[in-house]
2 protein chains.
Amino acid sequence: MGRKRTIDRDGILDAAEELTREQGAAHLSLDAVARRAGISKGGLMYNFPSKDALIAAITERDLGRFESLLAEKAERIGEKPYATLLARIEATEEESPETLAKGACLTATLAQTPEHLGPIQKAYGDEMLRYAPETDGGRRARLAMIAVEGAFLLRGLGLMELSEDEWRLIFADIRALVPDA
Amino acid sequence: MGRKRTIDRDGILDAAEELTREQGAAHLSLDAVARRAGISKGGLMYNFPSKDALIAAITERDLGRFESLLAEKAERIGEKPYATLLARIEATEEESPETLAKGACLTATLAQTPEHLGPIQKAYGDEMLRYAPETDGGRRARLAMIAVEGAFLLRGLGLMELSEDEWRLIFADIRALVPDA
DNA sequence: GTCTATATCAAGATAGAC
DNA sequence: GTCTATCTTGATATAGAC
């Protein structure tokens, strides 16, 4: 015990995310993060000078990852006008329960500390801006956005307990909202 | 200072709800609740022996109120098969931003403490059970449920910032999902 | 750069006066 | 039943050794 090791920042973020999912962000402590990550508290504090910094780092990493995932999926879907939206639906449906829960817990956490809301508001806002509410297609796309993010939160937070099959039907119906889908 | 007064349990719950909305539930302290309610901490603890008990009481009161509101609205809507669902959409759209935020913050808080999830899971589950996923109408109703609760959370938590007019369009489109609406 | 040890503080909960 | 005062804990953050 007490041996030094090179600290892996991504490993810390993974540990923090897992704990958030397991116990809820309210009970997340830096002590527990350090323990789970297998490092000392001092080492943790050196890499992330405060809990807020840690949470901001998780947000930044996850939003970035999700955007990459969307871009990749959208590219594979092709030139359809609502490719990104279809990619979002696909990504949300395919996500493992654990990943979904981690993302939803993080989102709920951010929502409780207004100073952290910025990045996620921007992500949602940018996407909604693509869909003009004056057009029929835009309205259907916005409705699909609300529905898919609703499914994300309701399922990820464990508020609505449905079977895999039931969720599958819901995602199919969300997809059917998208114009030209 | 120091004069005794009769403690109003509903007043305490109001104070706690307001603080939750203003600062996020993560920063809710019993000290602040007592201060806001204009009573002593001891008096607070006498009425609600723990913070968990306080949160549970808020949940119970709010779920009860909302169910009453739904029942009342559904009755006024009449014998339509999806009257309760329409009532939910109407209630969610009409809710003031403050009330919406209080409800959504509470929901997010419950989601972070698994032991508090029960009542809300039951409320959602009971409603979803009414809509058989084997029927076309049932599927549309379930989709509308996901969408309206998505709107509730996204708007109430401040995750998605849209104008009043933009939300109005979205609620109109959610309503259009309901069979025979 | 990572560790151990400790300072500091906020917050939930308790004890006992009135 | 409500109050004031205090206890106790757990968590953030800091200091300094290695």
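Chain identifiers are assigned alphabetically (A, B, ...) following the order of the sequence lines, protein sequences preceding nucleic acid strands; residue numbering begins at 1 within each chain. The structure presented is a predicted model; accordingly, all values stated were derived computationally and were not measured. Keep in mind that the numbers below use all heavy atoms, side chains included, and drop hydrogens, waters and symmetry copies.
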*Does B/Tyr46 place a side-chain N or O at less than 4.0 Å from the phosphate oxygens OP1/OP2 of D/dG1?*
yes

*For A/Leu70, check side chain to side chain contact (heavy atoms under 4.5 Å, CB included) against everything at least two apart and list the hits.*
A/Phe66, A/Thr84, A/Ala87, A/Arg88, A/Ala91

*Measure from NE2 on A/His27 to C1' on C/dG12 and round the result to the nearest Å.*
12 Å

*What integer distance in Å separates B/Phe48:CZ from C/dA13:P?*
14 Å

*With B/Met145 as reference, evaluate B/Met128, B/Arg130, B/Arg140 under the side-chain contact (heavy atoms from CB on, under 4.5 Å) test and give the passing residue.*
B/Met128

_So if I take every side-chain heavy atom of B/Ile7 and compare against D/dC3, C/dC3, C/dT2, which nucleotide ends up nearest?_
D/dC3

Restricting to nitrogen or oxygen on both sides, can you table the protein-nucleotides 13-16 of chain D pairs closer than 3.5 Å?
residue: D/dA13; atom: OP2; partner: A/Lys51; partner atom: N; Å: 3.2

*How close or far is atom C1' of D/dT9 from atom CG of A/Asp31, stated in whole angstroms?*
13 Å

*Base, sugar-phosphate alone, or nothing: which one does A/Leu28 contact when heavy atoms must sit under 4.0 Å apart?*
sugar-phosphate

*asked:* Whether A/Arg155 and A/Glu95 form a salt bridge (side-chain N of Lys/Arg under 4.0 Å from carboxylate O of Asp/Glu) is what I want to check.
replied: no

*Say whether, by atom type as modelled, one donor and one acceptor occur between the side chain of B/Glu149 and the main chain of A/Gly150 under 3.5 angstrom.*
no

*asked:* Checking contacts here: which listed nucleotide (C/dA11, C/dT2, D/dC3) is nearest the side-chain heavy atoms of B/Ser29?
replied: C/dA11

*d(CG, B/Leu44; P, D/dG1) in whole Å*: 16 Å

*Using salt bridge (charged side-chain N to carboxylate O under 4.0 Å, His left out) as the criterion, point out the one residue from A/Lys102, A/Arg36, A/Arg61 that pairs with A/Asp14.*
A/Arg61

*Can you list every pair that meets side-chain hydrogen bond (donor to acceptor under 3.5 Å, both in side chains) and has a residue in residues 40-56 of chain B, with sequence neighbours left out?*
B/Asp31-B/Lys41

